[in-house]
Amino acid sequence: MREDLQRSIATVLSELGIDVAPSDVVMERPLRIEHGDWSTNAALVYAKLLGKNPRDLANEICDKVADSGLQYLERVEVAGPGFVNFHLSIGWLHDILLDVIDKGEEGYARFDFGASERVNLEFVSANPTGPIHVGNGWWGAYGDSLGRVMARCGYTVHREYYVNDTGRQVRMLGESVLARKFDSEIPDDGYQGEYVSRLAKSYSGPADAMVAGKWASEMILEEIKDTLASIGIEYDAWFSQASIEESGALNETINELRIKGLIEERDGATWFMSHTAGLGDSRDRVLVRSDGTPTYLGGDLAYHRNKFLVRGFDRVIDIFGADHQGQVASLKCGMDALGVDTSRLEILIGQMISLVEGGKSGKMSKRLGNFVSLDELIEDLGSDAVRLLALMGSLDQANTLDLDVVRSQSMENPVYYIQYAYARICSLERVREERSIERVPIENVDLGVLSHPRELELLRVLETMPDTVREACEERAPHKVTAWVRKLAAAFHGFYHDCPILFQDPDQDDSALMQARLWLVEACRVASVIAFSLLGVSTLERM
RNA sequence: GCGCUCGUAGCUCAAUUGGACAGAGCAUCUGACUACGGAUCAGAAGGUUGGGGGUUCGACUCCCUCCGAGCGCGCCA
């Protein structure tokens, strides 16, 4: 329908001398129902080019499209400064219902514009020096869900977790474990959490900090995997930082940069001249320290080079915490210098999450061991509630999580609202079977009887699903799916409340209405299954 | 000090990427169960979108400037 209107409008514009591709005609769904089903701002956009008054142009568009004989087009009018509003007959919504049923769980709101582009999606990547806490893991659901959304849009998504299994922090972890084991002082920069004591008890290896640290970080990583899996986050690869260093990938990276004259030795260290060479960084960066050990950035450059140039990903998306934003410029400079088109490297920054408990907010620190673990939160709220909570807001909003509130009001979490809608759908199906009510094939059902405002509202919501998924993908904003599914649930609850679906006596006259409503419910079920799977929230047949 | 991000109802967050009267949930108040699950529905109240300028048909959105917050600014990661 939108395409029909776009074509029609583009035709009018071309008759007036402006060549516009139909897909470039902006169509919007007005917020207010009085403004019609579809609206275009074309007259406002092109009036100046034609040297016309916007309202005059709008009137021309209005008249000509009105005469075009488009199906379902009931009324066209000009409003405001020059909007053209299209009012459609409800038949176009009944077609939506057919479309949902026809395409089903597999096909509805699915796209192929990703064109199988291979995307490497890295997220969470918290250091395995302690259990994953709420701050580290908060955007995990977001990254995971983004992957699901992109996969549905035709991308080939590869999820990856970069494991920091080398370097100073691992040694500090080892020293902390050994200190606990032998009852000595934990070093100043050591890890204080009780999990260190727990690890120390089961450690039986040599009293070597590096060995103990490796061992401990491997143990911790397994716990991290379990935690993430418990909220439905799975990875295709856990990529070891040590493997990058040991494989010589860092040296290869440095050599490539050296050939381009971007490397200097200074004070015994190896520097990347990302600033001096005019690449846009705010200062030069050390890649290899004077003691020969690689810096984090050195490893990360080699890692990203590996993603692009060794493994050949078409696109790399990293979700970093705000505390890593200082690294973005250097990384982009590095990739640019290596000949990678940096528009293929998207670094999304997730703002910090602050926790409030007992009315007070506190800093979480893995070192001090005073963090709230993600496991704890999952245990308190359940994985679905945690996921949905994290998928409520946008990445660049610093979230505040009041633990007392989410715990005490966990029943008010929107997750129950949407799951309840799904449970009601399932309940209807159970009752239908109990009463032995047959479902008539949709092609034999008169959908024209669906005209109750609640029914139309529901159909309108269903109609917006494909666009929502597309936007969520293109804008890397999976939380839009959350907003949408809440809208669907609200529309469904309203419909359910006002519109009886299963009539007591199936032989009475309104069985036609019952059949149409049953298909509407089925469409809601299909859409819910899709949306829930994109969010990674489970569908419950009973609650 | 410099850089990045942000500031929206009492609280937690949205807002079709520049669109029409800025929307939800929680909290507060008032109503609604003889169909199928009341974990629901309907309504009320709540705002100068941090302040001030600018750009234009039109600004929460873009530009400038103040104010305020978070995060960076290591041969840590």
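Every chain is numbered from 1 and lettered A, B, ... according to where its sequence line falls, protein lines coming before strand lines. Computed from a predicted structure; not experimentally measured.
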Problem set entry | Nearest to side-chain heavy atoms of A/Ala79, which nucleotide of B/C13, B/C36, B/A20 | B/A20
Problem set entry | From B/C4, B/U5, B/C41, nucleotide with atom closest to A/Asp396 side chain | B/U5
Problem set entry | Integer angstrom distance from the P of B/C2 to that of B/C66 | 10 Å
Seminar exercise, completed: note: A/His35, atom NE2; B/C21, atom C1'; distance rounded to Å ~ 9 Å
For this session: Classify the side chain of A/Asn41 and the base of B/A20 as holding, or not holding, a donor-acceptor pair under 3.5 Å.
Result: no
Problem set entry | Exam field: side chain A/Asn53 to backbone A/Arg55, donor-acceptor pair closer than 3.5 Å | yes
Exercise. With rounding to whole Å, what would you report as the distance between B/C36 and B/G10 at their C1' atoms?
Worked result: 38 Å
For this session: For A/Leu297 and for A/Leu395, locate the closest nucleotide of RNA chain B by heavy-atom distance; then report the residue assigned to the nucleotide nearer the 5' terminus.
Result: A/Leu395
For this session: Could you tell me the separation between the CD atom of A/Gln241 and the C1' atom of B/C76, rounded to a whole number of Å?
Result: 12 Å
Exercise. Can you find a donor-acceptor N/O pair under 3.5 angstrom joining the side chain of A/Ser427 to the base of B/C36?
Worked result: no
For this session: Could you tell me how the ring of A/Phe320 sits relative to the ring of A/His304: parallel (under 30°), tilted (30 to 60°) or perpendicular (over 60°)?
Result: perpendicular
For this session: Indicate whether OP1 or OP2 belonging to B/A77 is found under 4.0 Å from a side-chain N or O atom of A/Arg289.
Result: yes
Exercise. Looking across every strand, which nucleic acid part, if any, lies under 4.0 Å from A/Asp267 by heavy atom: base, sugar-phosphate, or nothing?
Worked result: base
Problem set entry | Proximity to the side chain of A/Met543 - top-ranked nucleotide from B/C36, B/U5, B/A39 | B/A39
Exercise. Side chain of A/Arg435: nearest nucleotide among B/A35, B/A39, B/C71?
Worked result: B/A35
Seminar exercise, completed: Of the candidates B/A14, B/U17, B/A35, the side chain of A/Glu475 sits closest to B/U17
For this session: Could you check whether A/Ser282 gets within reach of a base, just the sugar-phosphate, or nothing at all, counting any heavy atom under 4.0 Å?
Result: nothing
Seminar exercise, completed: From CZ of A/Arg486 across to C1' of B/A24 the rounded distance in Å is 6 Å
Exercise. Distance check: side-chain N/O of A/Gln397 vs OP1/OP2 of B/U5, anything under 4.0 Å?
Worked result: no
Problem set entry | Under-4.0 Å salt bridge between A/Glu433 and A/Arg430 | no
Exercise. Distance between the P atoms of B/G18 and B/A59, in whole angstroms?
Worked result: 14 Å
Problem set entry | Under 3.5 Å side-chain donor-acceptor pair for A/Asp284 and A/Thr276 | yes
Exercise. When the P atoms of B/G53 and B/U5 are considered, how many whole Å apart are they?
Worked result: 25 Å
Problem set entry | Residue pair A/Gln351 / A/Trp139: nearest heavy atoms and the distance that separates them | O-NE1, 2.8 Å
Exercise. For A/Tyr417 and B/A39, is the gap between ring centres under 5.5 Å while the planes differ by less than 30°?
Worked result: no
Exercise. How is A/Pro54 classified with respect to the nucleic acid when contacts are heavy atoms under 4.0 Å: base, sugar-phosphate, or nothing?
Worked result: nothing
Problem set entry | B/U17 versus B/G51 - spacing of their P atoms, nearest Å | 25 Å
For this session: Ignoring hydrogens and angles, tell me if any N or O in the side chain of A/Gln515 forms a donor-acceptor pair with the backbone of A/Glu438 under 3.5 Å.
Result: yes
Exercise. Crowded around A/Lys214 NZ? As in, over 12 foreign heavy atoms under 6.0 Å?
Worked result: yes
Exercise. Does A/His479 stack onto the base of B/A14, taking stacking as ring centres under 5.5 Å apart and planes under 30° apart?
Worked result: no
For this session: Establish whether the base of B/A20 is bridged to the side chain of A/Ser39 by a donor-acceptor pair shorter than 3.5 Å.
Result: yes
Exercise. Looking only at atom C1', what distance separates B/C62 and B/U56, rounded to whole Å?
Worked result: 11 Å
Problem set entry | P-based separation of B/G50 from B/A22 [nearest Å] | 15 Å
Exercise. Do A/Ser511 side-chain atoms and A/Met514 backbone N/O form a donor-acceptor pair below 3.5 Å?
Worked result: no
For this session: For A/Cys499, answer base if it contacts any base atom (sugar-phosphate contacts may also be present), sugar-phosphate if it contacts only those atoms, and nothing otherwise; contact means non-hydrogen atoms under 4.0 Å.
Result: base
Exercise. What's the OH-P distance between A/Tyr191 and B/A77, to the nearest Å?
Worked result: 10 Å
Exercise. Which is true for A/Arg424 with a 4.0 Å heavy-atom rule: it touches a base, it touches only sugar-phosphate, or it touches nothing?
Worked result: sugar-phosphate
Exercise. Any idea how A/Tyr162 and A/Tyr303 line up, ring-wise: parallel (<30°), tilted (30 to 60°), or perpendicular (>60°)?
Worked result: parallel
Exercise. Heavy atoms under 4.0 Å, any strand shown: does A/Asn53 hit a base, just sugar-phosphate, or nothing?
Worked result: nothing
For this session: Report the distance from atom CE of A/Met392 to atom C1' of B/C11, rounded to the nearest whole Å.
Result: 13 Å
Exercise. Quick one: A/Met27 CE to B/G19 P, roughly how many Å, whole number?
Worked result: 15 Å
Exercise. Contact class for A/Ala398 vs. all strands (heavy atom < 4.0 Å): base, sugar-phosphate, or nothing?
Worked result: sugar-phosphate
For this session: Send over the distance from A/Tyr161 OH to B/A77 P, rounded to a whole Å.
Result: 16 Å
Problem set entry | Rounded interatomic separation in angstrom, taking CD1 from A/Ile353 and P from B/A69 | 21 Å
Problem set entry | Residue-phosphate contact under 4.0 Å: A/Lys48 side-chain N/O, B/C57 OP1/OP2 | yes
For this session: Identify which nucleotide among B/A39, B/C57, B/A77 has an atom closest to any side-chain atom of A/His324, counting heavy atoms from C-beta outward.
Result: B/A77
Problem set entry | B/C21 glycosidic torsion: syn (within 90° of 0) vs anti | syn
Exercise. Is it the case that A/Thr342 and A/Asp336 place a side-chain donor and acceptor less than 3.5 Å from each other?
Worked result: no
Exercise. To the nearest 0.5 Å, what is the distance between CD1 (A/Ile349) and CG (A/Leu395)?
Worked result: 8.0 Å
Exercise. Between A/Met352 and A/Arg283, which is nearer to the 5' end of RNA chain B once each is assigned its nearest nucleotide?
Worked result: A/Met352
Problem set entry | Bracket notation of RNA chain B in which parentheses pair within the strand, [ ] cross earlier pairs, and | pairs with another strand (Watson-Crick or G-U, under 3.5 Å) | (((((((..((((.....[...)))).(((((.......))))).....(((((..]....))))))))))))....
For this session: Take the angle between the ring planes of A/Phe492 and A/Tyr496 and call it parallel below 30°, perpendicular above 60°, tilted in between.
Result: tilted
Exercise. Given B/G70, is OP1 or OP2 found less than 4.0 Å from the side-chain N or O atoms of A/Ser354?
Worked result: no
Exercise. Considering only side-chain heavy atoms of A/Tyr420, which listed nucleotide, B/G37, B/A77, B/C21, is closest?
Worked result: B/G37
Exercise. Which part of the nucleic acid, if any, lies within reach of A/Arg470 when heavy atoms closer than 4.0 Å are counted: base, sugar-phosphate only, or nothing?
Worked result: nothing
Exercise. Nearest of B/A32, B/C36, B/C76 to any side-chain atom of A/Ile501?
Worked result: B/C36
Seminar exercise, completed: Per the O4'-C1'-N9-C4 / O4'-C1'-N1-C2 angle with a 90° window around 0, B/U17 comes out syn
Problem set entry | Distance, C1' atom - from B/U34 to B/C26, rounded to whole angstrom | 33 Å
Problem set entry | Under-4.0 Å side-chain N/O to phosphate OP1/OP2 contact, A/Arg517 with B/A35 | no
